[in-house]
Amino acid sequence: MKFFIDSADVKEIETAAALGIADGVTTNPTLLAKVPGTPEEIYRSICNIIDGPVCAEAVSLDADDIVAEGMNLAKIHDNIVIKIPATKDGLMAVNTLEKEGIKTNVTLIFSPMQALLAAKAGASFVCPFVGRLDDAGHVGMELIEQILQIYENYGFTTEIIVASIRSILHVQNAALIGAHIATIPLSVVEKLVKHPLTDAGIQSFLKDWDKVQDR
Ligand code: E4P
């Protein structure tokens, strides 16, 4: 299973890289707004840290404009993947960009049919948002199961990035059902490693180690 880091914060991405768990990065305009620097500077810095896909979101709405924006973003670095919302114009742009050899990630996916269309349009990745579905009273992880089943039925190679992850259980369930990738905020990555019994075990071992030193 691949882990992407869902962040535009270079320090967070450095930490994830040092942990050896970062296979790629997803950003979006909201994440960019939280950190200093121009989008281009941020993407360049991230690409210098991570040797894997770095998703940069196109904000145009018209197909031709998305293609032009995507082509410009792709010039920043070979690892840039163009994140494009799941709309009719977005899928047209995906089709064009992928034919030009530029990888795309169809984002803001909330239904299995959006994911099927994205795969048919040639997307390299799709981003179904589980947390936002849970927030709206649905079971986000069911969408991941449905997309996995549909892609398996027809042999699509589009990779599923489980996105909008809020909890340890989101990551665990994504792994259990075999999602290809989870894009995870660093705060959740840090929770994945923590266990109170590990902390208690360290404390009791250190106490007993002191006794051995007094001998
Ligand atoms: C993924 O690529 C998205 O940018 C991200 O996971 C959205 O998460 P949110 O619902 O917490 O904003």
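Order of listing sets the numbers, starting from 1, for every ligand and every atom in it.
- With hydrogens and angles ignored, the 3.5 Å screen pairs a side-chain donor or acceptor of His170 with a backbone N or O of Arg166.
- Contacts classified as side-chain hydrogen bond (donor to acceptor under 3.5 Å, both in side chains) and involving residues 44-56 (residues at least two apart or in different chains) are given here: Glu40-Arg44.
- One N or O on the side chain of Glu69 and one on the backbone of Val59 form a donor-acceptor pair closer than 3.5 Å.
- In this structure, Asp6 has a heavy atom closer than 4.0 Å to ligand 1.
- Residue-level proximity to ligand 1 for Ala163 is carried by backbone and side chain together, each with a heavy atom below 4.0 angstrom.
- The shortest N or O to N or O distance between Thr27 and ligand 1 is not below 3.5 Å.
- Heavy-atom distances between Arg166 and ligand 1 reach below 4.0 Å in at least one pair.
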**Q.** Asp208/Lys211 under salt bridge (Lys or Arg N to Asp or Glu O under 4.0 Å): CA gap, chis, key distance, verdict
**A.** CA-CA 5 Å; Asp208 290 338; Lys211 289 178 202 160; 2.9 Å; yes
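- Asn105 places no side-chain N or O within 3.5 Å of a backbone atom of Ile82 that could act as its donor or acceptor partner.
- With respect to atom 4 (O) of ligand 1, the closest heavy atom belonging to the protein is Asn28 ND2, 2.6 Å.
- Within the 4.0 Å heavy-atom shell around ligand 1 one does not find Gly131.
- Among Ala8, Gly140, Ser164, Pro128, the residue whose heavy atom lies closest to atom 8 (O) of ligand 1 is Ser164.
- Residue Thr26 approaches ligand 1 through these ligand atoms, each under 4.0 Å from one of its heavy atoms: 2 (O).
- Annotation for ligand 1: atoms under 4.0 Å from non-hydrogen atoms of Cys127 are 2 (O).
- For the residue pair Glu159 / Ser124, no side-chain donor-acceptor distance below 3.5 Å is found, with atom types taken as modelled.
- In this structure, the protein non-hydrogen atom closest to atom 7 (C) of ligand 1 is Phe129 CE2, 3.6 Å.
- In the candidate list Lys83, Glu57, Arg132, Lys83 is nearest to atom 1 (C) of ligand 1, counting heavy atoms.
- Judged purely by distance below 3.5 Å, without hydrogens or angles, the side chains of Gln149 and Asn153 pair a donor atom with an acceptor atom.
- Paired with Asp89 under the rule side chain to side chain contact (heavy atoms under 4.5 Å, CB included), one option of Leu61, Val94, Asp62 passes, and it is Asp62.
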